[in-house]
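I have placed the structure first, in the form of structure tokens, so that the comments after it can refer back to it.
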Amino acid sequence: MTELTRLTIAGARDALRRGDITSVELTDALNAAVDGGDRLNAYAHKTPDVAAKQAKAADERLKSGEAPDLCGIPLGIKDLFCTEGVASQAASRILDGFKPQYESTVTSQLFRDGAVMLGKLNMDEFAMGSSNETSTYGAAVNPWRDETGADLTPGGSSGGSASAVAADLCLGATGTDTGGSIRQPAAFTGITGIKPTYGRCSRWGIIAFASSLDQAGPMTRDVRDAAIMLRAMSGHDPKDSTSADLPVPDFEAMLTGDIRGKVIGIPREYRMEGMPAEIEQLWTDGIAMLKDAGAEIRDISLPHTKYALPAYYVIAPAEASSNLARYDGVRFGHRAKLGQGDGITEMYEKTRAEGFGHEVQRRVMVGTYVLSAGFYDAYYNRARKVRALIKRDFDQVFAEGVDAILTPATPSSAFALGAMKDADPVQMYLNDVFTVTVNLAGLPGISVPAGLDAKGLPLGLQLIGRPWEEGDLLNTAYALEQAAGFVSKPEKWW
Amino acid sequence: MSIDTDTARRVAKLARIRVEEEALPALASEFNTILGFIEQLNEVDVDGVEPMTSVTPMHLKRRDDVVTDGSQPEKVLANAPDAREGFFAVPKVVE
């Protein structure tokens, strides 16, 4: 029997259904692994008691023979998801002590299917960051190491999710992705992560960052697990007016690995100046793999790619400044101690100065500025027009018959924690250069581990699909996964 | 476009975030770095382009105009830093 903690979701599901293992055994093994993984700082709040209860209930359900795919499967949940009665604070001090009185739609669907929650996972504060270093809990650590032995970032913002899945501290995890926050950490830790089409998963009960860009998605060991978990997370929700009223296919059943005749676009604008040779090589290898699998490779152009990051850094902060206005020290979380004579304005200002970390403050203020009188047209409206052009670029190539687009997932492998300390904020933003276009265009995108660099660290490739065609996208990713044959795991040092 | 400390002070005030006077120059400098990056958008020809309002074409659904929620003040107030007699409590706002 494989070590329980190393099972895939599909493997665990089948073993549970056969009765080879119980969810209680599996959950106990994972709880022990979680406790042994404290050095990685992946879990911000552990919930072993919740997990034990859910595992017991799952075993009952499994006995009845009516168990959905996720029944009895231990998962980690990103701290951005509201979970009833369990701390949910978006890794921010301003939500210290916040325990939601309600359950997010995505987690309620996972629990409906019998999933087990091991705890809440570390992340960048309000999902703003690419290295997990903006978290009030301190940075999560990547289980992968290079020869220096330094602590590396698991990426961000879903860094705790990535670290936990890669280090076998859960079988799968939820993530969210506003500019690359599922795909970049997945690439940095050698796991699979998919951001579905905007509207596929309900955003209700997920603490909002930039509402027109935020999407939840699964982070898993492989493509099949991503297909299984995505199906459970997806679906229409009347409580999110942007959630799509479309049927959710059985994504797993669509994994045939047959991509003969599919047209894969290779966008020339993603060949960035100064791109490391290893990334270039990985991309070239990926192209060859898909070609060998019978796909037609086509050079394409997405001319407005260069403007995606600057547009994002107008739109996302603008929406964040509006969404984060609710943290005022009145309804939930932290309130600053007030001095003699302080009124309500001082309460707001002191609470927000104490409660928000530096990066969040900066983005809220940038957002405030670009929305302020006299600048709204010059910045915000211009950015929204550029966003329309970025989407049009994709619409055109899809209309010309392209089925999916292959790009690198990140411009580098994982870097050391602290390495970007003295860099200006724009340097950190460049991490999302390959992923952010997908959010702006509302498309599904998946990161698949495809190789190791010279330092022995994982690298990922990204596939971008047509809207609502996650099933087809997952199947192309499945073919790529099979061709790449990535099976490396980090050596346990923690 | 260059942001000076006066603008930084005004933006902090609008955002209701207290920034100490001595931190304003550094903040203004960070803003300038970010805005300098954003300035690239001026290179794009956006004539005749409508600003995006919704990334997927969709009609907002309507529902019956009926009460679907409410009557749970305890839950609403459960996380308040200061709640009294069924209300959120804040410092005095009127003289």
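Naming convention: chains lettered A, B, ... in sequence-line order (proteins, then strands); numbering from 1 in each chain.
Qualifying side chain to side chain contact (heavy atoms under 4.5 Å, CB included) partners for Glu74(B), counting only residues two or more places apart in sequence or in other chains: none. Partners of Trp468(A) by ring-ring contact (aromatic ring centres under 6.0 Å, His included), not counting sequence neighbours: none found.
Proximity to chain A (any heavy atom under 4.5 Å) is shown, for Ile38(B), by both the backbone and the side chain. Looking at Tyr429(A), only its side chain comes within 4.5 Å of chain B, counting heavy atoms on both sides. With a threshold of 4.5 angstrom between heavy atoms, Lys75(B) approaches chain A through its backbone and through its side chain. Using a 4.5 Å cut-off between heavy atoms, Asp45(B) contacts chain A through its backbone alone, with no side-chain atom that close. Looking at Gln427(A), neither its backbone nor its side chain comes within 4.5 Å of chain B, counting heavy atoms on both sides. The part of Pro425(A) that comes within reach of chain B is its side chain, from C-beta onward, which places non-hydrogen atoms under 4.5 angstrom from that chain. For Asp424(A), the part sitting under 4.5 Å from any heavy atom of chain B is the side chain, from C-beta outward, and nothing else. Neither the backbone nor the side chain of Ser321(A) has a heavy atom closer than 4.5 Å to any heavy atom of chain B. Residue contact with chain A, scored on non-hydrogen atoms closer than 4.5 Å, is absent for Ala8(B). Of the two parts of Phe88(B), only the side chain, counted from C-beta on, holds a non-hydrogen atom closer than 4.5 Å to a non-hydrogen atom of chain A. When heavy atoms are compared at a cutoff of 4.5 Å, Gln40(B) approaches chain A by way of both its backbone and its side chain. Residue Ala383(A) touches chain B through both its backbone and its side chain, counting heavy-atom pairs closer than 4.5 Å. Heavy atoms closer than 4.5 Å to chain B are found nowhere in Asp328(A), neither backbone nor side chain.
If you tally non-hydrogen atom pairs under 4.5 Å between each of Arg392(A), Gln361(A), Arg362(A) and chain B, the highest count goes to Arg362(A). Looking only at heavy-atom pairs under 4.5 Å with chain A, the residue among Ile34(B), Thr56(B), Asp82(B) that has the most is Ile34(B). With chain A as the partner, the residue from Ala80(B), Ser29(B), Pro81(B) showing the most heavy-atom pairs under 4.5 Å is Pro81(B). With chain B as partner, the option from Leu338(A), Ile315(A), Asp245(A) having the largest number of non-hydrogen pairs under 4.5 angstrom is Asp245(A). For chain A, the option among Lys61(B), Gln72(B), Arg10(B) with the highest count of heavy-atom pairs below 4.5 Å is Lys61(B). The most heavy-atom pairs under 4.5 Å with chain B, out of Arg382(A), Arg387(A), Arg352(A), come from Arg382(A). With chain B as the partner, the residue from Gly199(A), Ser212(A), Ala311(A) showing the most heavy-atom pairs under 4.5 Å is Ala311(A). The residue among His304(A), Met347(A), Arg335(A), Lys306(A) with the most heavy atom pairs within less than 4.5 Å of chain B is Arg335(A).
Not a single donor-acceptor pair under 3.5 Å links the side chain of Ser92(A) to the backbone N or O of Gln89(A). Counting only distance, with no hydrogens or angles, the side chain of Asp240(A) and the backbone of Arg203(A) share a donor-acceptor pair below 3.5 Å. With Thr351(A) contributing its side chain and Ala336(A) its backbone, the two residues share a donor-acceptor pair below 3.5 Å. Judged by distance alone, the side chain of Lys195(A) and the main-chain N or O of Leu443(A) form a donor-acceptor pair under 3.5 Å. Under the 3.5 Å distance criterion, the side-chain polar atoms of Glu359(A) are left unmatched by any main-chain donor or acceptor of Thr134(A).
Along residues 11-27 of chain B, the residues that come nearer than 4.5 angstrom to chain A, judged on non-hydrogen atoms, are Val11(B), Ala12(B), Lys13(B), Leu14(B), Ala15(B), Arg16(B), Ile17(B), Arg18(B), Val19(B), Leu27(B) in order of number. Residues of residues 63-71 of chain B lying under 4.5 angstrom from chain A, judged on non-hydrogen atoms, do not exist here.
The CG atom of Asp6(B) sits 5.0 Å away from the CG atom of Asp4(B) when rounded to the nearest 0.5 Å.
The ring of Tyr327(A) has its center closer than 6.0 angstrom to the ring center of Phe126(A). Aromatic rings of Phe31(B) and Tyr369(A) (six-membered ring for Trp) have centroids beyond the 6.0 Å cut-off, not under it.
Taking all atoms of both residues into account, the shortest heavy-atom contact from Gly179(A) to Thr435(A) is O-OG1, 2.8 Å.
Using modelled atom types and a 3.5 Å distance limit, the side chains of Tyr379(A) and Glu39(B) yield a donor-acceptor pair. With 3.5 Å as the limit, one finds a donor-acceptor pair spanning the side chains of Asp237(A) and Thr105(A). Side-chain contact annotation: Asn323(A) with Ser211(A), donor-acceptor N/O pair under 3.5 Å present. His358(A) and Glu125(A) form no side-chain donor-acceptor contact under 3.5 Å, judged by distance and modelled atom types alone. Between Asn431(A) and Ser130(A), the side chains place no donor N or O within less than 3.5 Å of an acceptor N or O (distance only, hydrogens not considered). A donor-acceptor contact under 3.5 angstrom links the side chains of Thr83(A) and Ser88(A), judged on distance only.
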Check step by step if side chain to side chain contact (heavy atoms under 4.5 Å, CB included) holds for Phe356(A) and Leu324(A). CA-CA 10 Å; Phe356(A) 290 146; Leu324(A) 271 60; 4.1 Å; yes
Open item on the list: Walk me through whether Lys385(A) and Glu50(B) qualify under salt bridge (Lys or Arg N to Asp or Glu O under 4.0 Å).
Closed with: CA-CA 6 Å; Lys385(A) 290 177 184 176; Glu50(B) 281 297 306; over 6 Å; no
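Surrounding CZ of Phe87(B) are at most 12 heavy atoms belonging to other residues, nucleotides or ligands under 6.0 Å away.
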